[in-house]
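Notes follow the structure.
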Amino acid sequence: MPELPEVEVVRRGLDRHTTGRRVVDVDVLNVRAVRRHRGGGADFAARMRGVVLGEPRRRGKYLWVPLLADTDNHAEPGADALLAHLGMSGQLLVQPHDSPVERHLRVRMLLDDGLDLRFVDQRTFGGLSISEGGAELPAEVAHIARDPLDPAFDADDLYARLRRRRTGVKRALLDQTLVSGVGNIYADEALWRARLHYARPTDTLRRAEVTRLLSAVHAVMVEALGEGGTSFDALYVDVNGASGYFDRSLAVYGQAGEPCPRCGTPVRRDPFMNRSSFTCPRCQPRPRRGRW
DNA sequence: CAGGCTACCTGCCCGC
DNA sequence: TGCGGGCAGGTAGCCT
């Protein structure tokens, strides 16, 4: 799914379309979509009815919306939050209430302006829940590290933690407790930009290489955000159902056999963590003693 | 305990 | 045409 840029696109869309709106009615069509919610589907629906949606927030790939008691736009201390993770295929859509129902519609919330906020998720790896007292930072998100777009992101701390780890740099990038928001696409793109191989042991990284890598992660995410995110297909869309265009700018992800934009060497695909890693074999040579 | 594998789900694409 | 296998943007949980 959506990695940080795609989730941020969704967050901005929600901010524009749902902030200040009251939830009039809730329909949970698939309980699996709210499996993280203590109390189940009926409780989720009952507690969402009547609340006012605050300004959406995000850390990494997690998104949450403070729930307000009234339309004063006033989040009381300790207020609850609607917590969302899009998993691999989740979407949050704002649609007219009478528009055709999506094939994988899981939760539908009617707002007081006649629009629906819909959670659509083909694979149901994502989900919604209500986080008790989670308006500021949901407890479910507390174990996640800050993401590279967070002004308080601590690069020195990441460097220190990488040096202590005994793993490969891509595994570390994908570990949301070290740095959040990075998924398979942006990990490969950032590693290519920083000319690092995914199996490079993190305990051999120099400070300058970590700086280079973090700059690359930051840059690729900002650029992707500017293009509305990466959408290979209709699964990754903003709240209005529109696709992003960053797939046109991908250097290596999904580009097996295509020339490296920097040196022309064919991009290679390797199996990695039951998925794939894409590298330029010339720009990103495998380290002698690599770690997966 | 840190690291790493697998299950969780649906759909699509490819080869046989 | 059908079926099986592989693959897809993620992560929690269990194993070693």
Side-chain angles (χ1 to χ4, degrees), chain A residues 1-10 29-38 58-63 83-92 102-106 119-129 138-145 147 160-191 198-199 201-203 217 220-221 224-225 227-238 243-247 249-250 252-256 269-278 290-292:
Chain A
M1 133 53 245
E3 303 181 35
L4 186 151
E6 293 76 35
V7 178
E8 176 60 16
V9 166
V10 171
L29 293 94
N30 183 326
V31 289
R32 188 174 148 76
V34 293
R35 68 192 178 286
R36 299 240 129 74
H37 180 76
R38 300 268 153 219
R58 180 191 56 72
R59 176 176 286 190
K61 305 169 195 172
Y62 281 89
L63 187 62
L83 180 63
H85 196 292
L86 303 181
M88 290 281 268
S89 54
Q91 305 172 355
L92 283 167
E102 293 78 4
R103 177 135 136 104
H104 301 291
L105 179 63
R106 310 300 189 190
F119 180 67
V120 175
D121 190 2
Q122 176 196 106
R123 296 174 71 183
T124 63
F125 287 177
L128 304 180
S129 62
E140 297 88 337
V141 183
H143 69 292
I144 297 297
D147 62 63
R161 295 179 70 187
L162 287 174
R163 295 288 305 206
R164 273 182 268 145
R165 282 263 172 152
R166 297 292 179 270
T167 190
V169 65
K170 182 172 173 181
R171 284 197 110 96
L173 273 183
L174 296 177
D175 182 341
Q176 306 294 301
T177 68
L178 286 174
V179 49
S180 68
V182 183
N184 211 27
I185 296 179
Y186 299 109
D188 278 3
E189 291 298 305
L191 288 167
Y198 58 83
T202 57
D203 56 350
V217 171
V220 73
M221 285 182 165
L225 197 45
E227 299 293 321
T230 301
S231 314
F232 300 122
D233 52 42
L235 285 183
Y236 304 94
V237 294
D238 69 13
S243 292
Y245 297 103
F246 194 69
D247 60 309
S249 307
L250 295 173
V252 288
Y253 187 86
Q255 309 300 309
R269 173 193 175 276
D270 293 325
F272 178 86
M273 289 173 76
N274 286 329
R275 289 195 179 75
S276 302
S277 271
F278 297 91
R291 275 202 190 96
W292 271 246

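Residue numbers start from 1 in every chain, and the chains themselves are labelled A, B, ... in the order their sequence lines are given, proteins ahead of strands. Atom set for the values below is all heavy atoms of this structure, side chains included, hydrogens, waters and symmetry mates excluded.
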Checklist entry - Between atom CG in A:L174 and atom P in C:dT11, what is the gap in whole Å? => result 9 Å
Next on the checklist: Please classify the nucleic acid contact of A:F232 as base, sugar-phosphate, or nothing, using heavy-atom distances under 4.0 Å.
Outcome noted: base
Checklist entry - OP1 or OP2 of B:dG4 sitting under 4.0 Å from any side-chain N/O of A:T167? => result yes
Next on the checklist: Classify A:D233 by what it touches in the nucleic acid, base, sugar-phosphate, or nothing, heavy-atom distance under 4.0 Å.
Outcome noted: base
Next on the checklist: Taking only side-chain N and O atoms of A:R103, does any of them lie within less than 4.0 angstrom of OP1 or OP2 on B:dT10?
Outcome noted: no
Item to check | Between B:dC9 (C1') and A:F119 (CZ): distance, integer Å | outcome: 12 Å
Checklist entry - Whole Å only: how far is the CD1 atom of A:I185 from the P atom of C:dC7? => result 17 Å
Item to check | Integer angstrom distance from the P of C:dC7 to that of B:dC5 | outcome: 15 Å
Checklist outcome for this item: Picking from C:dG9, B:dC9, C:dT11, the nucleotide nearest the side-chain atoms of A:T124 would be B:dC9
Item to check | Euclidean distance for C1', B:dG3 against C:dG9 (whole angstrom) | outcome: 23 Å
Item to check | Whole angstrom value for the distance that separates C1' of B:dG3 from CG of A:L178 | outcome: 11 Å
Item to check | Interatomic distance, A:R161 CZ vs B:dA2 C1' [rounded to whole Å] | outcome: 12 Å
Checklist entry - Looking at A:K61 and A:D147, does any basic side-chain N land under 4.0 Å from a carboxylate oxygen? => result no
Next on the checklist: With a 4.0 Å cutoff (strictly under), does any side-chain N or O of A:K61 reach OP1 or OP2 of C:dT11?
Outcome noted: yes
Next on the checklist: If we ignore hydrogens and angles and just use 3.5 Å, is the side chain of A:S243 paired with the main-chain N or O of A:S231 as donor and acceptor?
Outcome noted: no
Next on the checklist: Quick test of the criterion, 5.5 Å between centres and less than 30° between planes. Is A:F125 stacked on B:dC9 or not?
Outcome noted: no
Checklist entry - Contact class for A:N274 (heavy atom, under 4.0 Å): base, sugar-phosphate, or nothing? => result base
Checklist entry - In terms of side-chain heavy atoms, does A:R123 have a donor or acceptor partner in A:S89 at a distance below 3.5 Å? => result no
Checklist outcome for this item: When rounded to whole Å, the NZ to P distance for the pair A:K170 and B:dG3 reads 18 Å
Next on the checklist: When you measure from the side-chain N and O atoms of A:H104 to the phosphate of B:dG11, is any distance below 4.0 Å, counting only OP1 and OP2?
Outcome noted: yes
Checklist entry - Any side-chain donor-acceptor pair under 3.5 Å between A:T202 and A:R165? => result no
Checklist entry - When the distance from CG of A:L162 to C1' of B:dG3 is rounded to whole Å, what number comes out? => result 14 Å
Checklist entry - Is there a donor-acceptor pair closer than 3.5 Å between any side-chain N or O of A:R32 and the backbone N or O of A:T124? => result yes
Next on the checklist: Suppose we define a pair by two distances each less than 3.5 Å, Watson-Crick or G-U wobble; what does C:dG13 pair with here?
Outcome noted: B:dC5
Checklist outcome for this item: Between A:E3 and A:N184 the two heavy atoms that sit nearest each other are OE2-N, 3.4 Å
Checklist entry - When the P atoms of B:dC9 and C:dC14 are considered, how many whole Å apart are they? => result 15 Å
Next on the checklist: Need to verify one output field. Residue with the more 5' nearest nucleotide on DNA chain C, A:Q176 or A:R123?
Outcome noted: A:R123
Checklist entry - Side chain of A:R106: nearest nucleotide among B:dC8, C:dA8, B:dT10? => result B:dT10
Next on the checklist: How close do A:P2 and A:G90 get, counting heavy atoms only, and between which atoms?
Outcome noted: CG-O, 4.2 Å
Checklist entry - Does a donor on one side chain sit under 3.5 Å from an acceptor on the other, for A:Y186 and A:T230? => result yes
Checklist entry - Separation of A:Y236 atom OH from B:dC12 atom P, in whole Å? => result 13 Å
Checklist entry - What nucleic acid atoms does A:R164 come within less than 4.0 Å of, heavy atoms only: base, sugar-phosphate, or nothing? => result nothing
Next on the checklist: Classify A:S276 by what it touches in the nucleic acid, base, sugar-phosphate, or nothing, heavy-atom distance under 4.0 Å.
Outcome noted: sugar-phosphate
Item to check | Phosphate contact (B:dA2 OP1 or OP2) by A:R171 side-chain N/O below 4.0 Å | outcome: no
Next on the checklist: Quick one, A:F232 with A:Y253, criterion side-chain contact (heavy atoms from CB on, under 4.5 Å). Give me CA distance, side-chain angles, the key distance, then yes/no.
Outcome noted: CA-CA 11 Å; A:F232 300 122; A:Y253 187 86; 3.6 Å; yes
Next on the checklist: Using Watson-Crick or G-U wobble geometry with both distances under 3.5 Å, which nucleotide pairs with B:dC16?
Outcome noted: C:dG2
Checklist entry - Closest to the A:R165 side chain: B:dG3, C:dC7, B:dC5? => result B:dG3
Sub-3.5 Å pairs of nitrogen or oxygen atoms, protein against nucleotides 12-16 of chain C:
| residue | atom | partner | partner atom | Å |
| --- | --- | --- | --- | --- |
| C:dA12 | OP1 | A:Y62 | OH | 2.5 |

